[in-house]
2 protein chains.
Amino acid sequence: MSNTRFTVAIHVLTLLAYCGPEALTSEFIAGSVNTNPVVIRRILSTLREAKLVASQAGPGGGWQLLRDPRKITLRDILAAVSGDPTFLLHSAPPNIECPVGRDIQAILARRFQSAQEAMERDLERTTIAQLISEVGGGSA
Amino acid sequence: MSNTRFTVAIHVLTLLAYCGPEALTSEFIAGSVNTNPVVIRRILSTLREAKLVASQAGPGGGWQLLRDPRKITLRDILAAVSGDPTFLLHSAPPNIECPVGRDIQAILARRFQSAQEAMERDLERTTIAQLISEVGGGSA
DNA sequence: AAATTCGCAACCATTATGGTTTCGGGAATC
DNA sequence: GATTCCCGAAACCATAATGGTTGCGAATTT
């Protein structure tokens, strides 16, 4: 990773759900996230590709949730915004003359996928609705 | 992440274990990984900090494993080479005037840690010794 | 002394990242 | 229809990370 888009995406979706059904502008959202509206629009446009939000131009426009917050998991969000997998293989292919170099990529690909799936299964346990219930000291 | 150091570290340790007790030079290792010896030394020096390997200067010198390959898990290796956590929070702190902005970081920190641990528990199931047994079609 | 090997610093090109500005176009309102 | 609001897209920027490379010194063996 090494980027904050997953975090910002979760923040934005939580805010959209928290603020109810009316549309929020990218400028308002940027005020909560503390960044630039264009950064918010970039991330929201990837969430729109995943059918999680919709945008509306013009006065009174902005961004709205398209899915029940109880049905949006952190895994869904990661899938929408994540480009690269968590673990990368070699930048240049290893030496196939070496027994280790020949096989290591295929072996690691399986292990990395397994670890990635373990992580995603954990993320799947959390929904946006749950996060909202914790905002404002909800669980205290 | 977005780097290949974890992969290279696993590759190097597997090679060290595979080639038996004698020391391997960074140049030889670089030949298997297909990169520059300095890149190998950089990664091995972080593994040395974790007491996984030792280096020896001079002719006949090089790098040796310090731990039984059956006792080196992928989780150990990740711990040694990983700098940043898998998931990063906001680059600038959110707006604390907003109920979501005020609490989201603490809430996400818990969720991210849980996901990270799920991933690490999975990585812990694999040892260098297991990887060696799969090299050369070991499981076929 | 000579050869080998690591250690470390410096440097480089490439890429990712978050941020910013600018301009155009669609949409609601007056 | 004119104005205002808001998104869309492109361009640009500074910063940082990454992998790679070179150079040289120090340690070690022969």
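Keep in mind it's a predicted model, so treat the numbers as computed, not measured. Only this structure's heavy atoms are used, side chains among them; waters, hydrogens and symmetry mates stay out. In what follows, every chain begins at residue 1, and chains take the letters A, B, ... in the order their sequences are listed.
Both B:A92 and B:G62 lie near DNA chain C, and the one whose nearest nucleotide falls closer to the 5' end is B:G62. Of the two residues contacting DNA chain C, namely B:G61 and A:G60, the nearest-nucleotide position lying further toward the 5' end is that of B:G61.
Dashed line: the shortest gap from a side-chain N or O of A:S45 to OP1 or OP2 of D:dC7 is not under 4.0 Å. An OP1 or OP2 oxygen of C:dT4 is reached within less than 4.0 angstrom by no side-chain nitrogen or oxygen of B:Q56. Between D:dC6 and A:S55, no contact under 4.0 Å exists linking OP1 or OP2 to a side-chain N or O. For A:S91, a side-chain nitrogen or oxygen approaches OP1 or OP2 of D:dG20 to under 4.0 Å.
The separation between B:F28 atom CZ and C:dT5 atom P is 12 Å, rounded to whole Å. What separates CD of A:E27 from P of D:dC5 is a distance of 10 Å, to the nearest Å. Here D:dA17 presents its P atom at 17 Å from CG of A:D84, a figure rounded to the nearest Å. Rounded to an integer number of Å, the gap from CD of A:E22 to P of D:dC6 is 13 Å. Atom NE2 of B:H90 is separated from atom C1' of C:dG18 by 13 Å (rounded to the nearest Å). Atom CG of A:L88 and atom C1' of D:dG19 are 12 Å apart (whole Å). Atom CD1 of A:I43 is separated from atom P of D:dC7 by 14 Å (rounded to the nearest Å). Taking atom CG of B:L16 as the reference point, atom P of C:dC6 lies 11 Å away to the nearest angstrom.
Heavy-atom contacts from other residues, nucleotides or ligands closer than 6.0 Å to CD of B:E124 number more than 12. A:I96 CD1: 12 or fewer foreign heavy atoms inside a 6.0 Å radius.
With C:dG18, C:dA27, D:dT28 as the candidates, the nucleotide lying closest to the side chain of B:A57 is D:dT28.
The pair B:R110-A:E134 counts as a salt bridge, with a side-chain nitrogen and a carboxylate oxygen less than 4.0 angstrom apart. A:R67 and A:D76 are joined by a salt bridge, as a carboxylate oxygen and a charged side-chain nitrogen come within less than 4.0 angstrom of each other.
When hydrophobic clusters are built by joining Ile, Leu, Val, Met, Phe, Trp and Tyr residues whose side-chain heavy atoms come closer than 4.5 Å, directly or via intermediates, B:V38 is not grouped with B:I40. Hydrophobic cluster membership is shared by A:L89 and B:L78, with clusters built from Ile, Leu, Val, Met, Phe, Trp and Tyr side chains linked at under 4.5 angstrom.
In this structure a side-chain-to-backbone donor-acceptor pair under 3.5 Å is present from A:D103 to B:G136.
Looking at residues 34-42 of chain A, you'll see A:T35, A:N36, A:V38, A:V39, A:R42 sit with a heavy atom under 4.0 Å from some atom of DNA chain C.
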